[in-house]
Amino acid sequence: MTSMNSTATRYHRRGFLLRLAPAAAFFALPGAFAEELVRTPRQAEGPFYPDHLPLDTDNDLLMVNDAITPAVGEITHLSGRILDPRGAPLRNALVEIWQVDAHGVYLHSRDTHAAREKHFQGFGRFLTGSTGEYYFRTIKPVAYPGRTRHIHFAVKLKGREKWTTQCYVKGEPLNERDGIYRALTDPKARAAVTVDFAPLPGSRIGELAARFDIVLGLTPEQ
Ligand SMILES: [Fe+2]
């Protein structure tokens, strides 16, 4: 009796679960109801990813190791989150940035149009935790011959190919004359990579703050 009863209960439960399954599957479809976030557009890595890494690759680009002299430039606290299209944070994402120094020069042996500003680290890395948040202390990017102000980003996640984009300064007049920026024809895509470099509240030395969230697609290609 006991065994028959428990068999009947199992069947009953299984039947109940089976009846629920199609609805549950429907609710779990990505984007079935929730509005998905705008994917951050991919942009080319460009030719100046450092060909030799600095001695220091931390997230403070103003100080190389324990230098006493900080880099020249407008100090900027640059932060944001790495997200999936539903807004869930992505942890263990290695975020890398690289940009020119105050003289407009990359940390790259082929960028020789001017002397490097040797106190600027030029490149930095940050590994996200459970909130998907990253943070860098750097300088507001400067324009260099042929390009508007921008910061290069690479995001590396296990099992995916390296993903790259570029972040731009809102209100910068040169943006409209920059071929790589103008290649973003969708206004939503442009907005997704154009951020405010605004005065940091309470800063007495004119520091800036910028927020740049990166929304990655769910497939490796996006
Ligand atoms: Fe660049």
Side-chain angles (χ1 to χ4, degrees), residues 39-64 70-80 82 93-126 134-156 161-186 189-197 208-216 222:
R39 305 307 199 264
T40 306
R42 262 183 119 145
Q43 289 220 289
E45 179 174 313
F48 293 116
Y49 183 88
D51 60 349
H52 55 288
L53 289 183
L55 294 173
D56 183 8
T57 59
D58 73 356
N59 64 326
D60 183 5
L61 281 69
L62 294 184
M63 289 286 188
V64 178
V72 176
E74 291 182 80
I75 300 172
T76 299
H77 300 268
L78 172 65
S79 63
I82 311 299
L94 184 64
V95 183
E96 297 180 335
I97 65 167
W98 66 103
Q99 64 184 101
V100 293
D101 60 29
H103 300 170
V105 182
Y106 279 106
L107 181 63
H108 196 288
S109 57
R110 284 201 310 272
D111 192 1
T112 54
H113 76 274
R116 281 194 63 230
E117 197 284 281
K118 63 179 191 298
H119 298 115
F120 186 57
Q121 192 170 292
F123 172 91
R125 286 179 168 145
F126 193 94
Y134 70 82
Y135 167 73
F136 292 99
R137 195 170 74 128
T138 187
I139 60 170
K140 181 178 177 180
V142 302
Y144 58 83
R147 288 304 314 275
T148 188
R149 300 171 190 264
H150 63 282
I151 297 177
H152 291 267
F153 275 74
V155 180
K156 296 173 176 174
E161 67 172 283
K162 177 162 69 168
W163 183 97
T164 57
T165 197
Q166 301 180 27
C167 167
Y168 298 87
V169 178
K170 194 179 280 182
E172 167 56 54
L174 285 174
N175 289 349
E176 295 304 322
R177 291 199 266 146
D178 185 281
I180 297 176
Y181 186 77
R182 283 158 52 111
L184 299 167
T185 50
D186 175 0
R190 273 193 194 191
V193 293
T194 312
V195 307
D196 248 332
F197 282 66
L208 305 173
R211 279 296 284 183
F212 178 45
D213 287 339
I214 292 178
V215 180
L216 299 178
Q222 289 177 308

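Atoms within a ligand are numbered from 1 in the order they appear, just like the ligands themselves.
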Report whether any nitrogen, oxygen or sulfur of Gln166 sits less than 2.8 Å from the Fe ion (ligand 1) (N, O or S, backbone or side chain).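 Short answer: no, not a single N, O or S atom is under the cut-off.
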Specify whether an N/O/S atom of Tyr106 falls short of 2.8 Å from the Fe ion (ligand 1). yes
Classify the ring geometry between Tyr134 and Phe136 as parallel (under 30°), tilted (30 to 60°) or perpendicular (over 60°). tilted
Decide yes or no for Val169 and Thr194: does some side-chain heavy atom of the first lie under 4.5 Å from some side-chain heavy atom of the second?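 No, every pair of side-chain atoms sits at 4.5 Å or beyond.
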Looking only at the aromatic ring of each residue, does the gap between the centers of Phe123 and Tyr106 stay below 6.0 angstrom?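 No - the distance between ring centres of Tyr106 and Phe123 does not fall below the 6.0 Å cut-off.
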Candidate pair Phe48 and Leu107, rule side-chain contact (heavy atoms from CB on, under 4.5 Å), full reasoning: CA-CA 8 Å; Phe48 293 116; Leu107 181 63; over 6 Å; no
Angle at the Fe ion (ligand 1), NE2 of His150 to OH of Tyr144, rounded to 10 degrees, please. 100°
